[in-house]
Amino acid sequence: MYERYYGLNEKPFSLLPDPSFLYMTRAHTMALTMLEYSLRNESAGICVISGEIGSGKTTLIRKLLNMIDTDFAIGLLTNTHSSFGSLMQWVSMTFELDYKNKEPVELYENFVKFVIAQYAQGKRTVLIIDEAQNLSHEALEELRMLSNINADKNNILQLILVGQPQLRETLTLEKLQQLNQRITASFHLNKLNQKDSCAYIQHRLKTAGGNSELISDLARKAIWYHSRGIPRIINTLCDTALVYAFAEQKSQVDINLVSQVISDRKDNGFYGDKEDLPDNVMHLDENMKDIINI
């Protein structure tokens, strides 16, 4: 809609997990290093990456998948929910193994044979589970049983769990102690600070082929404040602000326009009372002015 007007090659703030737009903060670099370590270290156990909703976990996994060579058999499981059902059925389907009308024991035996066959061909099997916070305790216990495939000193099956902060809390439960003890690498992605949020916005604009100053410095700081540093919300606010700017034929998104976006979103019920957002970012109290360095 606004891409041609602003000289952009594509939408810079899409919510799709596109690794080419991933802005590597120090935290994201550390998380990616942990993931790479888990893959390259044959004695590594389970890797856990956690983070807030919209913090870039899935995008990070997509980047990892782009980096992985043919030495791995990769299975990515994303369809986790409360009615998940049998974990082994989903694992089998992920690796394109026959799973219909088979008992749990048979599913497990077939998967073990698959992992061993891959290892005989010089490949390690990697099972990545995104949104792993949705897994039941029973499903997590099944994962522990899967990790028993690694009987020798070299792990022929690598497990990577990615999820929201609840995942970390669940894994500390006493009933899951044996699973927790097998975690050898972990990292938590926090919200972006003001500096990283502003750089993140500029990075995405530049990656899309546009002017990194298309959204002004003060507007970027206001977007950070309102988004609380969550990349997904930053994307939503930036995209909406660009639509508003295009509608008004503005050459740049300024803080007044961001203020209008926030005000309209509040009026339409996109922010609840608990957010405690100001009515207009140009009328912030002195404390908030200090926060965004006005």
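For the pair L77/L87, a side-chain contact is recorded, criterion being any heavy-atom separation below 4.5 Å from C-beta on. Using a 4.5 Å heavy-atom threshold, the side chains of D98 and N110 count as separate. The shortest side-chain heavy-atom distance between N9 and E3 does not fall under the 4.5 Å cut-off. Side-chain contact between S197 and Q194 is absent, with no heavy atoms from C-beta onward closer than 4.5 Å. Proximity of T170 to L135: side-chain heavy atoms (C-beta onward) are nowhere separated by under 4.5 Å. Contact check for T58 versus V162: no side-chain heavy atoms found under the 4.5 Å cut-off. Considering only heavy atoms from C-beta on, M88 stays 4.5 Å or farther from P104 through its side chain. Side-chain contact check for E131 versus Q164: some heavy-atom pair is nearer than 4.5 Å.
In this structure, CD1 in I215 is found 14.5 Å from NZ in K221, a value given to the nearest 0.5 Å. A distance of 12.0 Å separates CZ of R232 from CD1 of I234, quoted to the nearest 0.5 Å. Note that the CG atom of N235 and the CD1 atom of I230 stand 11.5 Å from one another [nearest 0.5 Å]. Distance check: L237 CG to L242 CG gives 11.0 Å after rounding to the nearest 0.5 Å. The CG atom of L214 lies 11.0 Å from the CD atom of Q202; values are rounded to the nearest 0.5 Å. Atom CG of N148 is separated from atom CG of L157 by 10.5 Å, given to the nearest 0.5 angstrom.
Using modelled atom types, one finds no donor on one side chain facing an acceptor on the other under 3.5 Å when comparing Q260 with N256.
Nearest heavy atom pair, residue N193 against residue W224, reads C-NE1, 3.3 Å. Closest approach of L167 and Q133 over heavy atoms only: N-CB, 3.9 Å. Taking each heavy atom of H203 and L22 in turn, the nearest pair found is NE2-O, 3.3 Å. The two residues A31 and L60 come nearest to each other via the heavy atoms CB-CD2, 3.4 Å. For the residue pair L159 and L143, the shortest heavy atom distance occurs at CD1-O, 3.7 Å. Closest approach of C47 to S38, counting heavy atoms only: CB-OG, 3.1 Å.
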Let's go through H28 and L32 carefully: what are the C-alpha distance in whole Å and the side-chain angles of both, what is the deciding distance for side chain to side chain contact (heavy atoms under 4.5 Å, CB included) to 0.1 Å, and is it a yes or a no? CA-CA 6 Å; H28 286 82; L32 185 61; over 6 Å; no

What verdict does the side chain to side chain contact (heavy atoms under 4.5 Å, CB included) test give for T125 and I149, after you've listed the backbone C-alpha separation in whole Å, the side-chain angles of each residue and the deciding distance to 0.1 Å? CA-CA 11 Å; T125 302; I149 295 174; over 6 Å; no

Residue pair H226, V261: steps toward the side chain to side chain contact (heavy atoms under 4.5 Å, CB included) verdict: CA-CA 11 Å; H226 286 292; V261 170; over 6 Å; no

Let me see the working for E141 and L179 under side chain to side chain contact (heavy atoms under 4.5 Å, CB included), right down to the final yes or no. CA-CA 7 Å; E141 178 60 19; L179 177 63; 5.7 Å; no

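Annotation for Q249: atom CD counts as buried by contact number, over 12 foreign heavy atoms lying within 6.0 Å. Atom CZ of R40 sits in a crowded spot, with more than 12 heavy atoms from other residues, nucleotides or ligands closer than 6.0 Å.
Applying the ring pair (Phe, Tyr, Trp, His ring centres under 6.0 Å) rule to pairs touching residues 229-267 yields Y5-F246, sequence neighbours excluded. Applying the salt bridge (charged side-chain N to carboxylate O under 4.0 Å, His left out) definition to pairs two or more places apart or across chains, none involves residues 169-191. Screening residues 103-117 for salt bridge (charged side-chain N to carboxylate O under 4.0 Å, His left out), with sequence neighbours left out, gives K102-E106. Residue pairs meeting the ring pair (Phe, Tyr, Trp, His ring centres under 6.0 Å) criterion with at least one member in residues 37-62, sequence neighbours excluded, do not occur. Residues in residues 53-64 take part in no salt bridge (charged side-chain N to carboxylate O under 4.0 Å, His left out) pair, two or more places apart or across chains. Screening residues 7-19 for salt bridge (charged side-chain N to carboxylate O under 4.0 Å, His left out), with sequence neighbours left out, gives K11-D239.
Take F13 and apply the ring-ring contact (aromatic ring centres under 6.0 Å, His included) test, not counting sequence neighbours, and it matches no residue. Scored by the side chain to side chain donor-acceptor pair (under 3.5 Å) test, S186 finds no partners at all (sequence neighbours excluded). Contacts of T33 classified as side chain to side chain contact (heavy atoms under 4.5 Å, CB included), with partners at least two apart in sequence or in another chain: T29. Remark: A27 engages T25, F187, L189 in a side chain to side chain contact (heavy atoms under 4.5 Å, CB included) (not counting sequence neighbours).
Y23 and Y200 have perpendicular rings, their planes meeting at more than 60° on a 0 to 90° scale where under 30° would count as parallel.
When the side chains of ILVMFWY residues are joined at heavy-atom separations under 4.5 Å, either directly or via intervening members, I223 and L257 end up in a single hydrophobic cluster. Both L39 and L35 belong to a single network of hydrophobic side chains, linked directly or stepwise wherever heavy atoms of I, L, V, M, F, W or Y lie under 4.5 Å apart. Transitive grouping of hydrophobic side chains (ILVMFWY, heavy atoms separated by less than 4.5 Å) brings I156 and L127 into a common cluster. The hydrophobic clustering, which links ILVMFWY residues whose side-chain heavy atoms are closer than 4.5 Å, places Y6 and F21 apart. A continuous path of Ile, Leu, Val, Met, Phe, Trp and Tyr side chains, each step under 4.5 Å between heavy atoms, connects I160 with M34, placing both in one hydrophobic cluster.
Applying the 4.5 Å side-chain rule to ILVMFWY residues, one finds that L16 remains a lone member of its cluster. Residue I53 is found outside any hydrophobic cluster, as its side-chain heavy atoms come under 4.5 Å of no other Ile, Leu, Val, Met, Phe, Trp or Tyr.
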